[in-house]
Amino acid sequence: MKTLTAPSLSRATLDRIAPELRPAVDPRQLRPRIVHFGLGAFHRAHQAVYTENAAARGGEPWGIVAVAPNSTRVVKAMRAQDCLYSVTERHPATTATRAVGSIVDALGLRPDAERVDDLLADPDVTVLTLTITENGHYRRPGTGELDTGAPLIAADLAARRTADITTVVGRLAAGLAARMRVNGAPISVVSCDNMAANGAALGTVVRGFVEASSWPDRRAVLDWLATSVAFPATIVDRIVPATTDADRAAACSALGVRDEVAVVGEPYRQWVLEDSFAGPRPPWELDGALFVPDVGPYQLTKLRLLNGSHSAMAYLGAAAGCATIADVMATGWGERLVRALGAELAPTLPADGPNPATYTDDLVERFRNPGMRHLLRQIGSDGSRKIPERWFGALRSLRAAAAATPTLELALAAWANATRPAGGEQLFGTTDPAAAELAACWHETSDHEDTIRRLLSVLGAADLAGDGALVSGTAARLPALRAGRVEI
């Protein structure tokens, strides 16, 4: 009943919250100095938290205006609460909830087009951040260039008004061009999406949009981008599962007010940024962010150890009937899998990155947290896009060095097993843009080795498909997995 009768979280109800649970800064003292594209739970549990703590510790009024590219539902919900919300950290035995106030406004990309354009040209706004997922970049597979043939990109290039542009890439390019024409103030554009070399990737598609545009001054815009706009690479890390009704009820109980946009996350969070900004930025390092000359070693370690383990656990766990990462860690083989994969991948990691053994120890503790219901179905979806980046580079390095790859072969077999069609979808309910092509690999042959070769070819890994020992080692794992047995 408390949830039903409690007042909503807002600036007017902040005094109802215990002082230690209120925002670290008074949101009324913040100014719009960051624009963020992507108003999802991850941003609210990660960059917005770092920014609030940096503003509190540094004494500068760094406020965020968050822009939702598509859905207006979250915009309305945030506005109804004066853009205040709560973050609950799920520790193994307890939870900790507090309100966050670093987001000072919420906008929709198209409904609030004029306001968005004004902010992108505002010299007080010196940082743009983005969480738009890899799909939102419209990159051509293999080249990373902007896919100008994608229908939405093509429509944006043909748009007569900025307000008619619907993609973040197009709107960002047009907004930066407008900034150059108005004042030319330097700005940093910070991708927080989980992609290798995300800064360079974002810069490439933004420049590609400008080059493909019909703007008379597009050459001047490109020259200005080269001198006044930075695209630093970053690594972000925090597990942020979907918020449930039970989570919202728990947040209400902790705060004494109702929060319809509450988010939850694990205690761990990390932000590594390339130290190459074009202008002023928040002192995120005051809250533990790490600024380095090159994020590559950190990126590769996270990609192969954390993301690689996640994918392996998703497919092996599904075969064994598990639902979450914590369920996998509660089995007799979960920890063995993470440690075996870490040891196998360690030789492929750069010496100037995090220590692989220490990083693996941390992963075991994070994955064990029973408070985190990180769903295997969610992690295992879009495997055709994820596992080439997470596993194939390491596989190629290890196979070239004649090193044994039993754990990666087991993981690859588990992915193959999960691509089997069942009732019109994939076996364990995962989704994948290549699902139909992957399913066809099972229909076209009954020979397991041939199936593995076909699946790898669909993923563009003809070289791995031609590795007879890898294919046979992977195929040999399939019978046990189909019986629900994980043998490490």
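Quick note: numbers below take in every heavy atom, side chains included, and nothing from hydrogens, waters or symmetry partners.
- For the salt bridge (charged side-chain N to carboxylate O under 4.0 Å, His left out) condition, the pairs that include at least one residue of residues 85-97, sequence neighbours left out, are E89-R238, R90-D247.
- Ring planes of F291 and W284: parallel class, angle under 30° (limits at 30 and 60°).
- Between the side chains of T129 and H36, at least one donor-acceptor pair of N or O atoms lies under 3.5 Å.
- Judged purely by atom type and a 3.5 angstrom limit, T94 has no side-chain atom pairing as donor or acceptor with the backbone of H91.
- Atom CD1 of I153 sits about 8.0 Å away from atom CG of D147, to the nearest 0.5 Å.
- The CD atom of E335 sits 10.5 Å away from atom OG1 of T360, with the distance rounded to the nearest 0.5 Å.
- Checked for salt-bridge contact, R248 and D259 miss the test: no charged N lies under 4.0 Å from a carboxylate O.
- With rounding to the nearest 0.5 Å, the separation of CG in L119 from CD1 in I34 is 12.0 Å.
- Under the 3.5 Å distance criterion, the side-chain polar atoms of R57 are matched with a main-chain donor or acceptor of L286.
- Distance alone, capped at 3.5 Å, places no donor-acceptor pair between the E274 side chain and the V295 backbone.
- Here the side chains of T97 and S86 are in contact, with some heavy-atom distance below 4.5 Å.
- Between I488 and L410 the shortest side-chain heavy-atom distance falls below 4.5 Å.
- By the 4.5 Å heavy-atom criterion applied to side chains, C83 and V104 are not counted as neighbours.
- The backbone N or O of L345 lies less than 3.5 Å from a partner atom in the side chain of T348, making a donor-acceptor pair.
- A 4.5 Å side-chain heavy-atom check between V236 and F42 finds at least one atom pair inside the cut-off.
- Considering only heavy atoms from C-beta on, F392 comes within 4.5 Å of L459 through its side chain.
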Start with the C-alpha distance between R207 and E211, add both sets of side-chain angles, then the distance that settles salt bridge (charged side-chain N to carboxylate O under 4.0 Å, His left out), and finish with yes or no. CA-CA 6 Å; R207 285 188 290 271; E211 289 169 349; over 6 Å; no

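- In this structure, CG on L398 lies 7.0 Å from CG on L395, to the nearest 0.5 angstrom.
- Salt bridge annotation for R304-E344: absent, with no cationic side-chain nitrogen under 4.0 angstrom from a carboxylate oxygen.
- Proximity of the aromatic rings of F367 and H374 is defined here by a centroid distance below 6.0 angstrom, and this criterion is not met.
- In this structure a side-chain-to-backbone donor-acceptor pair under 3.5 Å is missing from T126 to I187.
- Here salt bridge (charged side-chain N to carboxylate O under 4.0 Å, His left out) pairs that include residues 382-396, with residues two or more places apart or in two chains, are R396-D463.
- Using a 4.0 Å cut-off between a side-chain N of Lys or Arg and a carboxylate O of Asp or Glu, R399 and E409 qualify as a salt bridge.
- T358 contributes no side-chain N or O that, together with a main-chain N or O of P354, makes up a donor-acceptor pair within less than 3.5 Å.
- Summarising the geometry, atom CD belonging to E60 is positioned 12.0 Å from atom OG1 belonging to T51; distances are rounded to the nearest 0.5 Å.
- In this structure, E20 does not pair ionically with R98, as no charged nitrogen and carboxylate oxygen lie closer than 4.0 Å.
- A distance-only check finds a donor-acceptor pair linking the side chain of T301 to the backbone of P297 [under 3.5 Å].
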Could you give me the CA-CA distance, side-chain angles and deciding distance for N369 and Y268, then say whether side-chain contact (heavy atoms from CB on, under 4.5 Å) is met? CA-CA 11 Å; N369 187 345; Y268 179 93; over 6 Å; no

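- Side-chain contact check for R139 versus L146: every heavy-atom pair is 4.5 Å or farther apart.
- When side chains are defined from C-beta on, L202 counts as touching V189, because their heavy atoms get closer than 4.5 Å.
- With contacts defined as side-chain heavy-atom distances shorter than 4.5 Å, the pair R44/I103 qualifies.
- Residue pairs meeting the salt bridge (charged side-chain N to carboxylate O under 4.0 Å, His left out) criterion with at least one partner in residues 318-330, sequence neighbours excluded, do not occur; the list is empty.
- Under the side-chain hydrogen bond (donor to acceptor under 3.5 Å, both in side chains) rule, D237 has a single partner from R269, R366, H46, which is R366.
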Determine, step by step, whether R33 and D122 satisfy the salt bridge (charged side-chain N to carboxylate O under 4.0 Å, His left out) criterion, reporting the C-alpha distance in whole Å, the side-chain angles of both residues, the deciding distance to 0.1 Å, and the verdict. CA-CA 9 Å; R33 299 187 64 183; D122 187 342; over 6 Å; no

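- Checking side-chain atoms of R179 against main-chain N and O of L120 turns up a donor-acceptor pair under 3.5 Å.
- Here the CG-OG1 distance, from L109 to T167, works out to 8.0 Å after rounding to the nearest 0.5 Å.
- Using modelled atom types, no side-chain atom of T324 and backbone atom of R373 make a donor-acceptor pair closer than 3.5 Å.
- Checking side-chain atoms of D193 against main-chain N and O of M195 turns up no donor-acceptor pair under 3.5 Å.
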